[in-house]
Amino acid sequence: MSMPKLGIIGGGQLGSLLSEAAKSLSIETIILTDDINAPAKNFTENFISGNYEDENLINEFINKVDLVTFEFENIPYKILKNINNFKPVLPNPEINKLIQNRYTEKDFLNKIGIRTTQYNLIKNKDEIKLNENLIPGLLKTCTLGYDGKGQFKINSIKDIDENIDFSNEYILEKIINLKQELSIVITRFSHQKYEVYEPIENVHEDQILKHSKIPANISDSLKDKSIDWAKKIVEDLDYIGTLCVEYFVDKNNNLYVNEIAPRVHNSGHLTINTHNISQFENHVRAVCGLEKIETKKIYNGKMLNLIGNDISHYRGKTFADNEFFYDYLKTEIRDKRKMGHLTTIEK
Ligand code: ADP
Ligand code: MG
């Protein structure tokens, strides 16, 4: 079988790690990004950068690839859809359209019988006042938020921040009594065919993922339910590739879906070292139509995100043989920026 040329949109750490996984399967990657300094430059043989709105750039990309996937879900829908007219984009851009907006994403989940936190669409300040039952709550932009960006805490109707820009749409989401956060990483190959990793337990600091570990410290019933819901989501979306479902567990052990990432996910980085097949390799296998291999855990493990200046304490350090350091080779250290990670396996 001759291997397809895989286009990847986005050149961050996820694109880099996808490219590495592809390389290990002898698949050539072509990375398209709007950041000339994107770290994936160091991890692919074909790096194309420019403006996503530039037709020549997109055509160059389309001509070089056999199929396309992406490392982040916020590429404008019309660009993905256009590319999909020429070369298959997997997962399907319609899924992005649904998930790019927190409101349609949560409506979809509730429609298929999956619990989320309570929420409502908010278009202006007065609509916050009509949703007192959701306070204390978080006002989150419907689109383009990540790592807690675009979120405002609303403690009471009296203290609505004057700086909130209501030219954006928001959802107001009730704050729950968080006990734990989990994620399920799942790769779907076709109807009822998937590989699913066990629940990962995640700790956020300043709304940015800091630690992930397996096994998660949860009951068997939460484990089963989180896996069942993830399967239901990928089946309902007719999804191809790796997807991550982020969950909340409240103090009464109720499970809620927080959000869906239609892509490989930061919490799944540990799978590179804990499993026979990583989330990245499974994604490449699924979108390229390669064989599905039974995915097995070899070790328990944990991952620490190296954020901002953390990285400078790890560069040049020597590591034990159960520690795996990943430097994303970003050109500039910035506050709150994910710069690398360290996975430690239990041998
Ligand atoms: P982002 O898209 O920026 O990742 P999230 O909606 O996942 O935004 O929120 C980031 C983090 O903020 C969550 O992982 C969680 O720790 C906290 N958080 C978000 N929504 C709620 C909520 N309704 N109740 C309690 N904590 C929340
Ligand atoms: Mg999140």
Side-chain angles (χ1 to χ4, degrees), residues 1-31 39-40 42-46 65-73 88-91 183-190 192-200 212-214 227 230-231 234 239-245 261-303 322-329 338 340-345:
M1 177 179 171
S2 86
M3 288 297 193
K5 291 193 165 98
L6 177 63
I8 300 172
I9 307 177
Q13 58 270 26
L14 300 175
S16 303
L17 292 164
L18 279 171
S19 189
E20 293 263 283
K23 208 180 287 173
S24 75
L25 296 166
S26 306
I27 290 174
E28 187 179 335
T29 57
I30 300 93
I31 289 193
N42 302 296
F43 300 93
T44 180
E45 45 290 86
N46 307 287
V65 303
D66 294 314
L67 79 156
V68 173
T69 191
F70 45 83
E71 66 148 16
F72 72 116
E73 60 273 37
V89 177
L90 293 163
S183 55
I184 294 287
V185 174
I186 184 168
T187 308
R188 182 172 177 274
F189 288 74
S190 61
Q192 299 283 333
K193 276 179 81 179
Y194 22 69
E195 292 296 334
V196 48
Y197 298 90
E198 69 180 63
I200 303 164
S212 295
K213 69 160 186 177
I214 51 168
I227 290 174
K231 287 180 181 171
V234 289
Y239 191 89
I240 303 293
T242 296
L243 170 147
C244 176
V245 186
R263 54 170 168 81
V264 289
H265 191 264
N266 191 172
S267 64
H269 287 4
L270 50 72
T271 62
I272 300 173
N273 310 103
T274 57
H275 284 71
N276 62 334
I277 313 269
S278 73
Q279 64 163 350
F280 302 99
E281 181 174 337
N282 266 328
H283 183 74
V284 174
R285 284 182 173 280
V287 299
C288 294
L290 306 186
E291 186 195 354
K292 174 172 101 60
I293 294 176
E294 192 186 342
T295 300
K296 290 186 191 141
K297 180 166 78 170
I298 307 166
Y299 304 108
N300 288 324
K302 60 183 188 200
M303 181 218 61
N322 65 335
E323 292 178 322
F324 301 89
F325 170 57
Y326 295 82
D327 187 339
Y328 306 148
L329 304 177
K338 291 171 179 167
H341 73 266
L342 180 76
T343 299
T344 309
I345 58 172

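Side chains are part of it too, since the values below use all heavy atoms of this structure and drop only hydrogens, waters and symmetry mates.
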For this session: Given side-chain contact (heavy atoms from CB on, under 4.5 Å), test Leu67 with Val287 step by step and report yes or no.
Result: CA-CA 8 Å; Leu67 79 156; Val287 299; 4.3 Å; yes
Seminar exercise, completed: salt bridge (Lys or Arg N to Asp or Glu O under 4.0 Å) filter on Lys292, not counting sequence neighbours, yields Glu195
Seminar exercise, completed: With sequence neighbours left out, the residues meeting salt bridge (Lys or Arg N to Asp or Glu O under 4.0 Å) with Asp66 are none
Problem set entry | Qualifying salt bridge (Lys or Arg N to Asp or Glu O under 4.0 Å) pairs with a residue from residues 271-287, counting only residues at least two apart or across chains | Glu281-Arg285
For this session: Could you tell me which non-hydrogen atom of Lys297 sits nearest to which non-hydrogen atom of Ile214, and how far apart they are?
Result: CD-CD1, 3.7 Å
Problem set entry | Under the ring-ring contact (aromatic ring centres under 6.0 Å, His included) test, residues paired with Phe43 that sit two or more places apart | none
Seminar exercise, completed: What one should report as the nearest heavy-atom pair of Thr187 and Ala286 is CG2-CB, 3.7 Å
Problem set entry | Minimum side-chain heavy-atom gap Ile345-Asn300 below 4.5 Å | no
Exercise. Residues in side-chain hydrogen bond (donor to acceptor under 3.5 Å, both in side chains) with Asn322, at least two apart?
Worked result: none
For this session: Drop me the distance from Leu17's CG to Ile8's CD1, to the nearest 0.5 angstrom.
Result: 10.0 Å
Problem set entry | Residues in salt bridge (Lys or Arg N to Asp or Glu O under 4.0 Å) contact with Glu28, at least two apart in sequence or another chain | none
Seminar exercise, completed: In terms of heavy-atom contacts, Met3 and Leu290 come closest through SD-CD2, 4.1 Å
Exercise. Side-chain contact, heavy-atom cut-off 4.5 Å: Val68 with Pro88?
Worked result: no
Seminar exercise, completed: The complete set of ring pair (Phe, Tyr, Trp, His ring centres under 6.0 Å) pairs with one or both residues in residues 268-295, sequence neighbours excluded, reads Tyr197-His275, His269-Phe280, His269-His341
For this session: Please examine the side chains of Ile31 and Ser19, heavy atoms only from C-beta on, and report whether any two atoms are closer than 4.5 Å.
Result: yes
For this session: Find out whether Ser16 and Tyr328 are in side-chain contact, i.e. whether some heavy atom of one side chain is under 4.5 Å from a heavy atom of the other.
Result: no
For this session: Please list all pairs passing the salt bridge (Lys or Arg N to Asp or Glu O under 4.0 Å) test where one or both residues lie in residues 12-21, with sequence neighbours left out.
Result: Glu20-Lys23
Exercise. Does a side-chain heavy-atom distance below 4.5 Å link Ile9 with Glu71?
Worked result: no
Problem set entry | Heavy-atom side-chain contact between Ile30 and Leu6 under 4.5 Å | no
Exercise. Judged by atom type as modelled, is there a donor-acceptor pair below 3.5 Å linking the side chain of Glu323 to the main-chain atoms of Thr343?
Worked result: no
Problem set entry | By salt bridge (Lys or Arg N to Asp or Glu O under 4.0 Å) - contacts of Lys338 (at least two apart) | Asp147
For this session: Test side-chain contact (heavy atoms from CB on, under 4.5 Å) on Leu18 and Val264 and set out the steps.
Result: CA-CA 8 Å; Leu18 279 171; Val264 289; 4.1 Å; yes
Problem set entry | Non-neighbouring partners of Thr344 that pass side-chain hydrogen bond (donor to acceptor under 3.5 Å, both in side chains), sequence neighbours left out | none
For this session: Determine whether the side chains of Ser212 and Ser267 contain a donor N or O and an acceptor N or O closer than 3.5 Å.
Result: no
Exercise. Given side chains that start at C-beta, do those of Val185 and Ile200 come closer than 4.5 Å, heavy atoms only?
Worked result: yes
Problem set entry | Any residue meeting side chain to side chain contact (heavy atoms under 4.5 Å, CB included) with Lys231, in chain and number order, not counting sequence neighbours | Ile186, Tyr194, Val196, Ile227
For this session: Report the residues that fulfil side chain to side chain contact (heavy atoms under 4.5 Å, CB included) with Asn42, sequence neighbours left out, ordered by chain and then residue number.
Result: Leu329
Exercise. Quick one: do the Thr295 and Asn282 side chains pair a donor with an acceptor below 3.5 Å?
Worked result: yes
Exercise. Would Ile184 and Cys244 satisfy side-chain contact (heavy atoms from CB on, under 4.5 Å), going step by step from the backbone distance to the final call?
Worked result: CA-CA 6 Å; Ile184 294 287; Cys244 176; over 6 Å; no
For this session: Check for a donor-acceptor pair, side chain of Asp327 on one end and backbone N or O of Gly340 on the other, with a separation under 3.5 Å.
Result: no
For this session: Consider only side-chain N and O atoms of Thr271 and Ser278, and report whether a donor and an acceptor are under 3.5 Å apart.
Result: no
Exercise. Just wondering, do Ser24 and Val284 contact through their side chains at under 4.5 Å, heavy atoms?
Worked result: no
Exercise. Can you tell me how far the OH atom of Tyr239 sits from the CG atom of Leu90, to the nearest 0.5 Å?
Worked result: 9.5 Å
